Amino acid sequence: MPLQSLDITRRSATTTPSPGERQTMEVAKLIDVSKCIGCKACQVACMEWNDTRDEIGTNTGVYDNPRDLTEASWTVMRYSEVELEPNRLEWLIRKDGCMHCADPGCLKACPAPGAIVQYGNGIVDFHEENCIGCGYCISGCPFDIPRISKKDGKVYKCTLCSDRVAVGLEPACIKTCPTGALVFGSKEDMVRHANERIADLNQRGYRNAGLYDPPGVGGTHVMYVLQHADKPEIYHGLPKDPHISPLVSLWKGVAKPIASLGLGVMALVGFFHYVTVGPNEVEESGEE
Amino acid sequence: MSADTIQRYSTQERLNHWVVAICFILLAASGLALFHPAFFFLNNLLGGGTWARILHPFIGVVMFVSFLGLMARLRADNRITAADRQWMRQYRDVLANREDRLPEVGRFNGGQKYLFWLMAALLLLLLVSGVLVWQPWFAPYFPVWAVRLAAVVHAVSAFLLIAGLIVHIYAALWVKGSVRAMTRGTVSAPWVQKHHPAWLRQIKGGNK
Ligand code: HEM
Ligand code: SF4
């Protein structure tokens with residue numbers, strides 16, 4: 001949803017610079033998994049602020065509800081029961097949603113000019129009015145986040161409340177979180193805050209506590225404090241080393257402009273062959 | 001039909017060819033639009049980005065099915081022989097209009113035959129990969145690695161097909177009389193004598 005237009009870093013399928021006159025600070029959301037109680041207030045706040053309503057689903061016997069991200073549910077809590085040491089059950093609750101990568105695979109894959117933008121503050125936002133519904137962003141994303149709407153064929157995901165952030169408010173989920181598991185601020189401050197939390201967790205016996213800010217995608221503007229940062233997979237399959245798939249890089253890389261140029265050159269070579277060598281005609285006047 | 005005029009393509013063959021050709025133009029335009037932003041404006045040919053995205057795969061299926069028709073009709077005359085391989089090796093003579101130095105050509109020359117089989121192979125690849133990336137009907141049912149791979153296969157095959165057809169279209173404009181063969185169906189006997197002498201002997205021997 002566009003509210004800011006003067007501080008755009010990147011636009012999908014655009015080969016010229018984006019309007020970037022306004023200087024903004026890089027922001028980040030920090031999700032402290034160790035403080036989350038799984039109350040889902042953030043899920044509710046997200047729907048309330050964005051005015052989206054998911055279909056009422058069915059209980060599948062687990063707390064995850066809705067069962068997956070959808071075009072209307074941009075964040076869902078993922079509950080994992082793990083026993084890293086025998087008889088020591090841990091209930092790990094991770095708030096899933098867009099990570100707002102510094103190097104976004106969705107934006108790289110999108111063929112529609114300006115359907116995906118990245119603001120100077122790091123937020124990656126979909127501008128649905130430019131979206132053509134091809135779903136390329138879904139295959140570009142290393143975190144399986146975008147969802148295509150069955151109703152309008154456009155793709156939706158967490159906006160990091162770009163509309164609120166643009167006017168100096170914090171995202172709706174942050175505002176509502178009752179335990180302080182969600183905090184928002186400059187990326188620098190969030191890293192500092194995370195380090196304090198990690199030191200605290202280390203003291204309490206979580207030796208592998210750490211920050212999830214994966215360098216494979218250039219870092220993210222949604223970060224996690226994990227009790228077991230050495231094993232992100234146990235948090236409902238959080239990827240250990242996410243990066244844009246090499247297939248997507250190949251598909252969207254330098255080969256394309258070169259191939260496009262190649263087609264143009266072929267057509268030109270044809271034209272010049274015609275004006276130099278000339279047409280291939282039957283000499284006798286038997287032809288009209 | 002005058003004695004000098006020879007039927008090169010039947011009405012069905014011409015109809016079939018132009019269905020494939022029209023599909024190709026629409027597919028190339030809507031496909032290239034997604035291929036690189038420089039071509040995005042081509043979407044307008046099909047009514048804008050979203051319409052082009054929706055229509056492209058359906059037109060693709062029509063093109064694939066109609067090409068099967070062309071295959072049924074023209075497969076036999078497109079069998080590749082040693083003479084065709086020799087013809088291809090002498091591409092320099094081909095390009096310089098020195099047809100007298102080339103091996104005798106039947107109904108189709110080596111270039112036409114190889115392009116025919118290349119198109120058949122590429123269209124199959126385009127169909128399979130196209131279904132894998134087809135939103136919202138099919139793509140959600142395949143694992144993401146398969147969709148990613150299919151997107152690469154589709155883009156590469158489409159590039160090769162478009163490149164091949166640039167050659168095909170240029171050849172039709174370059175060899176005078178070819179366009180008429182595919183629009184009106186007939187060519188002159190001297191035309192056949194010059195470009196397809198072995199075919200001329202074949203029809204003469206066969207019919208009379
Ligand atoms: C044979 C059946 C075909 C099917 C089912 C198919 C399907 C698709 C689909 C689903 C897409 C994604 C975007 C969209 O929905 O429009 C696509 C993209 C594309 N198609 Fe096709 N297609 C077919 C044939 C062709 C042909 C014959 C060409 C070449 C003229 C072609 C060229 C392209 C190109 C260049 C793209 C964009 C690729 C990219 O962004 O990298 N397609 N196709
Ligand atoms: S579905 Fe929309 S946002 Fe996603 S890649 Fe296609 S045009 Fe871009």
Side-chain angles (χ1 to χ4, degrees), chain A residues 11-16 109-113 115 130-136 138-142 144 147-150 152-155 245-252 255-257 259-267 269-271 273-274 277-288, chain B residues 4 28 32-40 43 48-54 56 94-97 99 133-136 139-140 144-156 158-160 162-163 166-167 169-171 173-178 180 187-195:
Chain A
R11 304 168 79 236
S12 55
T14 306
T15 44
T16 50
C110 178
N130 297 332
C131 169
I132 62 168
C134 62
Y136 285 9
I138 297 170
S139 39
C141 178
D144 183 26
R147 294 290 185 271
I148 207 159
S149 159
K150 288 157 225 69
D152 57 35
K154 310 290 180 202
V155 171
S245 156
L247 279 171
V248 174
S249 306
L250 176 67
W251 171 40
K252 288 285 165 175
K256 270 196 170 168
S260 308
L261 199 68
L263 292 178
V265 167
M266 279 185 72
V269 166
F271 177 73
H273 179 259
Y274 197 89
V277 178
N280 185 345
E281 283 175 298
V282 177
E283 274 101 46
E284 286 84 1
S285 55
E287 188 99 23
E288 69 255 67
Chain B
D4 230 21
L32 283 175
L34 304 190
F35 186 81
H36 191 273
F39 299 118
F40 194 74
N43 267 328
T50 305
W51 271 118
R53 186 271 302 168
I54 294 172
H56 175 99
V94 174
L95 286 176
N97 292 342
E99 269 171 302
V133 299
W134 193 339
Q135 288 282 2
V144 69
W145 63 265
V147 177
R148 286 172 180 157
L149 182 65
V152 176
V153 170
H154 202 82
V156 172
F159 167 74
L160 292 175
I162 294 169
I166 288 178
V167 175
I169 295 165
Y170 176 64
L173 299 174
W174 168 46
V175 180
K176 292 294 161 201
S178 312
R180 172 182 146 162
V187 286
S188 69
W191 187 91
V192 182
Q193 179 58 45
K194 181 165 163 57
H195 303 301

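Scope of the values below: all heavy atoms of this structure, side chains included, with no hydrogens, waters or symmetry mates. Every chain is numbered from 1 and lettered A, B, ... according to where its sequence line falls, protein lines coming before strand lines. Owing to the predicted nature of the structure, the values given are computational and were not obtained by experimental measurement.
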Student: Non-hydrogen atoms of chain A under 4.5 Å away: do they reach the side chain of B/Trp51, the backbone, both or neither?
Tutor: neither
Student: Taking the side chain as everything from C-beta on, heavy atoms only, tell me whether A/Leu263 gets closer than 4.5 Å to B/Leu32.
Tutor: yes
Student: Of the backbone (N, CA, C, O) and the side chain (C-beta and beyond), which part of B/Ala139 lies under 4.5 Å from a heavy atom of chain A, both, or neither?
Tutor: neither
Student: If only atom types and distance count, is the side chain of A/Tyr274 paired as donor or acceptor with the main-chain N or O of B/Tyr170 below 3.5 Å?
Tutor: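 Checking the backbone N and O of B/Tyr170 against the side chain of A/Tyr274, no donor-acceptor pair under 3.5 Å is found.
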Student: Is A/Lys150 in contact with chain B via its backbone, its side chain, both, or neither, using a 4.5 Å heavy-atom distance?
Tutor: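 Neither; nothing under 4.5 Å.
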Student: Is B/Glu99 close to chain A through its backbone or its side chain, or both, or neither, when contacts mean heavy atoms under 4.5 Å?
Tutor: side chain
Student: Just by modelled atom types, is the A/Val282 backbone N or O under 3.5 Å from a matching donor or acceptor in the B/Lys176 side chain?
Tutor: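 The answer is no, because no donor-acceptor pair under 3.5 Å joins these two groups.
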Student: With the side chain counted from C-beta on, respond yes when B/Val144 and A/Asp144 share a heavy-atom pair under 4.5 Å apart, and no when they do not.
Tutor: no
Student: Measuring heavy-atom distances to chain B, does A/Val248 have an atom under 4.5 Å in its side chain, in its backbone, in both, or in neither?
Tutor: side chain
Student: Check each atom of B/Phe159 against the heavy atoms of chain A and say whether the ones under 4.5 Å are side chain, backbone, both or neither.
Tutor: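 Contact with chain A is through both the backbone and side chain of B/Phe159.
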Student: Does the B/Trp191 side chain pair with the main chain of A/Glu281, one donor and one acceptor, at a distance under 3.5 Å?
Tutor: no
Student: Against A/Cys134, only a single residue in B/Gln135, B/His56, B/Arg53 fulfils side-chain contact (heavy atoms from CB on, under 4.5 Å); can you say which?
Tutor: B/Arg53
Student: Mind running side chain to side chain contact (heavy atoms under 4.5 Å, CB included) on B/Leu34 and A/Ile132 for me, showing each step along the way?
Tutor: CA-CA 10 Å; B/Leu34 304 190; A/Ile132 62 168; 3.4 Å; yes
Student: If I measure from the heavy atoms of chain A, does B/Ile54 come under 4.5 Å with its side chain, its backbone, both, or neither?
Tutor: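 For B/Ile54, neither part sits under 4.5 Å from chain A.
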Student: What part of B/Leu149 lies closer than 4.5 angstrom to a heavy atom of chain A: side chain, backbone, both or neither?
Tutor: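 For B/Leu149, the contact with chain A is made by backbone and side chain together.
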Student: Contact part of B/Ala163 toward chain A, heavy-atom cut-off under 4.5 Å: side chain, backbone, both or neither?
Tutor: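 For B/Ala163, the contact with chain A is made by backbone and side chain together.
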Student: What closest approach, in Å, do A/Lys154 and B/Thr50 show between heavy atoms, and which atom pair accounts for it?
Tutor: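 Here A/Lys154 and B/Thr50 meet closest at NZ-OG1, 3.5 Å.
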Student: Roughly how far apart are A/Thr15 OG1 and B/His36 NE2, rounded to 0.5 Å?
Tutor: 6.5 Å
Student: So, for A/Met266 and B/Val167, which heavy atoms are closest and what is the spacing to 0.1 Å?
Tutor: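 Taking every non-hydrogen atom into account, CE-CG2, 3.6 Å.
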Student: Any idea which of B/Ala151, B/Ala33, B/Gly48, B/Ala38 has the most non-hydrogen atom pairs under 4.5 angstrom with chain A?
Tutor: B/Ala151
Student: Please report the closest heavy-atom contact between A/Leu247 and B/Val152, naming both atoms and the distance.
Tutor: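 Scanning both residues, the minimum pair turns out to be O-CG2, 3.4 Å.
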Student: Donor-acceptor pair, distance only, cut-off 3.5 Å: does the side chain of B/Arg148 make one with the backbone of A/Ser139?
Tutor: yes
Student: Quick one: which of B/Phe40, B/Trp174, B/Phe39 has the most heavy-atom pairs under 4.5 Å with chain A, could you say?
Tutor: B/Trp174
Student: Could you pull out the closest heavy-atom pair between A/Ala13 and B/Pro37, with the gap in Å?
Tutor: O-CB, 3.3 Å
